[in-house]
S.K.: 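Can you keep this structure in mind? I'll have questions shortly.
Only a predicted model underlies this, so the values are computations on that prediction, with no experimental measurement involved.
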Amino acid sequence: MGAEGSEKTAFSPDWTISQLAKLPYDTYAPEERATLQSLLRALTRFGSMHRGAEMRLSIGHDDCHAQNFIWADTAIWAIDIEECRLQPTAKMIGNFLGWYAMHSPCVPSPLASAPSFGAEPGDLAALCAAVPLRPGETEITLPFFLISRQFECLFPAPKTPARRQENIARAKILLHDLCKLMHL
């Protein structure tokens with residue numbers, strides 16, 4: 001991720017929500033599908049409430065995740081960088097944390113703290129400290145993209161019942177944290 005520039009853009013959830021709406025919900029049983037559709041409705045409402053919020057842009061990769069980095073001794077090397085361009089900073093962090101969260105056990109947010117949206121609270125805090133975000137980015141765009149990245153990874157429904165149950169448990173945690181953020 002490059003340095004912060006003076007360029008900004010306005011948050012619009014429309015494209016992301018339209019892609020999430022096209023996911024194969026019918027690969028889940030009706031009761032599971034209801035949970036996933038509740039999460040989509042909440043995320044749509046959250047995105048609509050904050051349409052137009054300001055987002056900083058940084059040079060980076062829209063598909064920012066751990067498999068696009070090589071860790072060697074004291075250096076980090078980025079790969080797959082041909083698509084680097086100005087991107088919303090909070091979106092890149094949300095995508096990275098969402099991808100990482102999907103490859104880790106889902107962690108419910110501690111009751112007395114801010115929602116962590118399925119990510120380890122320490123990881124969320126550390127990355128936000130390393131790449132300072134403005135309050136609107138921390139409270140709006142980062143959660144939106146962190147949830148969206150995990151949400152899209154739940155499809156199609158896995159064949160194994162244990163993995164399906166884990167996916168629905170993750171969706172319930174994300175829905176709970178999003179409702180907590182929206183004060184519902």
S.K.: Can you list the residues that meet the salt bridge (Lys or Arg N to Asp or Glu O under 4.0 Å) rule with Asp123, with sequence neighbours excluded?
M.R.: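 Not a single residue meets the salt bridge (Lys or Arg N to Asp or Glu O under 4.0 Å) criterion with Asp123.
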S.K.: Calculate, to the nearest 0.5 Å, the distance between atoms CG and CG belonging to Leu20 and Leu36 respectively.
M.R.: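 The distance works out to 11.0 Å.
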S.K.: Using ring pair (Phe, Tyr, Trp, His ring centres under 6.0 Å) as the criterion, list what pairs up with His176, not counting sequence neighbours.
M.R.: none
S.K.: At what distance, to the nearest 0.5 angstrom, does CG of Leu146 lie from OG1 of Thr141?
M.R.: 11.0 Å
S.K.: For a side-chain contact (heavy atoms from CB on, under 4.5 Å) check, start with the C-alpha distance between Thr16 and Phe145, then their side-chain angles and the critical distance, and finish with the verdict.
M.R.: CA-CA 9 Å; Thr16 301; Phe145 291 113; 3.8 Å; yes
S.K.: Is Ser109 reaching over with its side chain to a backbone N or O of Pro115, donor-acceptor style, under 3.5 angstrom?
M.R.: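 No; zero donor-acceptor contacts below 3.5 Å.
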S.K.: Restricting to salt bridge (Lys or Arg N to Asp or Glu O under 4.0 Å), what partner residues turn up for Arg163, sequence neighbours left out?
M.R.: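 Here the qualifying residues are Glu166.
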S.K.: Does anything in residues 14-32 pair up under salt bridge (Lys or Arg N to Asp or Glu O under 4.0 Å), and if so which pairs, sequence neighbours excluded?
M.R.: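 Output for this query lists Asp14-Arg51, Glu32-Arg164.
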S.K.: What residues, two or more places apart in sequence or in another chain, satisfy salt bridge (Lys or Arg N to Asp or Glu O under 4.0 Å) together with Glu120?
M.R.: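 Per chain and number, Glu120 pairs via salt bridge (Lys or Arg N to Asp or Glu O under 4.0 Å) with no residue.
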S.K.: State, to 0.1 Å, how close Ala101 and Gly118 come at their nearest heavy-atom pair, and which atoms those are.
M.R.: CB-O, 3.6 Å
S.K.: Could you measure the distance from the CG atom of Leu174 to the CG atom of Leu43? Nearest 0.5 Å is fine.
M.R.: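 With rounding to 0.5 Å, CG (Leu174) is 9.0 Å from CG (Leu43).
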S.K.: Step by step, work out the side-chain contact (heavy atoms from CB on, under 4.5 Å) result for Met55 and Arg134.
M.R.: CA-CA 9 Å; Met55 296 188 302; Arg134 296 181 180 135; over 6 Å; no
S.K.: Ignoring hydrogens, what is the shortest heavy-atom contact between Ala171 and Leu154? Give both atom names and the distance.
M.R.: CB-CD1, 4.2 Å
S.K.: Measure across Pro88 and Leu57 and return the closest heavy-atom pair with its distance rounded to 0.1 Å.
M.R.: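 Minimum heavy-atom separation between Pro88 and Leu57: N-CD2, 3.5 Å.
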S.K.: Please identify each residue that fulfils salt bridge (Lys or Arg N to Asp or Glu O under 4.0 Å) with Glu139, with sequence neighbours left out.
M.R.: none
S.K.: Which residue pairs pass the ring-ring contact (aromatic ring centres under 6.0 Å, His included) test when at least one of the two sits in residues 152-173, sequence neighbours left out?
M.R.: Tyr25-Phe155, Tyr28-Phe155, Phe151-Phe155
S.K.: Counting C-beta onward and ignoring hydrogens, is there a side-chain heavy-atom pair between Leu181 and Pro143 closer than 4.5 Å?
M.R.: yes
S.K.: Is it the case that over 12 heavy atoms from other parts of the model lie below 6.0 angstrom from the CZ atom of Arg33?
M.R.: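 Yes, because the 6.0 Å sphere around CZ of Arg33 holds more than 12 heavy atoms from other groups.
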S.K.: Do any N or O atoms from the side chain of His183 and from the backbone of Cys179 form a donor-acceptor pair under 3.5 angstrom?
M.R.: no
S.K.: If I take atom CD from residue Glu137 and atom NZ from residue Lys91, how far apart are they, to the nearest 0.5 angstrom?
M.R.: 14.0 Å
S.K.: What residues form a side-chain contact (heavy atoms from CB on, under 4.5 Å) with Ser38, not counting sequence neighbours?
M.R.: Arg41, Leu175
S.K.: Do any pairs count as a ring-ring contact (aromatic ring centres under 6.0 Å, His included) and have a residue in residues 116-141, sequence neighbours left out, and if so which ones?
M.R.: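 Qualifying pairs, neighbours excluded: none.
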S.K.: Hey, could you give me the OG/CD distance between Ser148 and Gln19, rounded to the nearest 0.5 Å?
M.R.: 11.0 Å
S.K.: Working to the nearest 0.5 angstrom, can you tell me the gap between Thr138 OG1 and Leu133 CG?
M.R.: 4.5 Å
S.K.: My understanding is that only residues two or more places apart in sequence, or in another chain, count here; which of them pass side-chain contact (heavy atoms from CB on, under 4.5 Å) with Met182?
M.R.: Ala42, Phe46, Met49, Leu178, Leu184
S.K.: For Ile173 and Pro108, which heavy atoms make the closest approach, and how far apart are they?
M.R.: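 The pair with the smallest heavy-atom distance is CD1-CG, 3.8 Å.
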S.K.: Mind checking side-chain contact (heavy atoms from CB on, under 4.5 Å) for Pro121 and listing every partner two or more places apart, or none if nothing turns up?
M.R.: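 So Pro121 forms a side-chain contact (heavy atoms from CB on, under 4.5 Å) with Val107, Pro110, Ser116.
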S.K.: Going by the salt bridge (Lys or Arg N to Asp or Glu O under 4.0 Å) test, which pairs reach into residues 150-161, not counting sequence neighbours?
M.R.: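 Listed by first then second residue: Arg149-Glu152.
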S.K.: Looking at Leu142 and Ala90, what are the two nearest heavy atoms and their distance?
M.R.: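 Here Leu142 and Ala90 meet closest at CD1-O, 3.7 Å.
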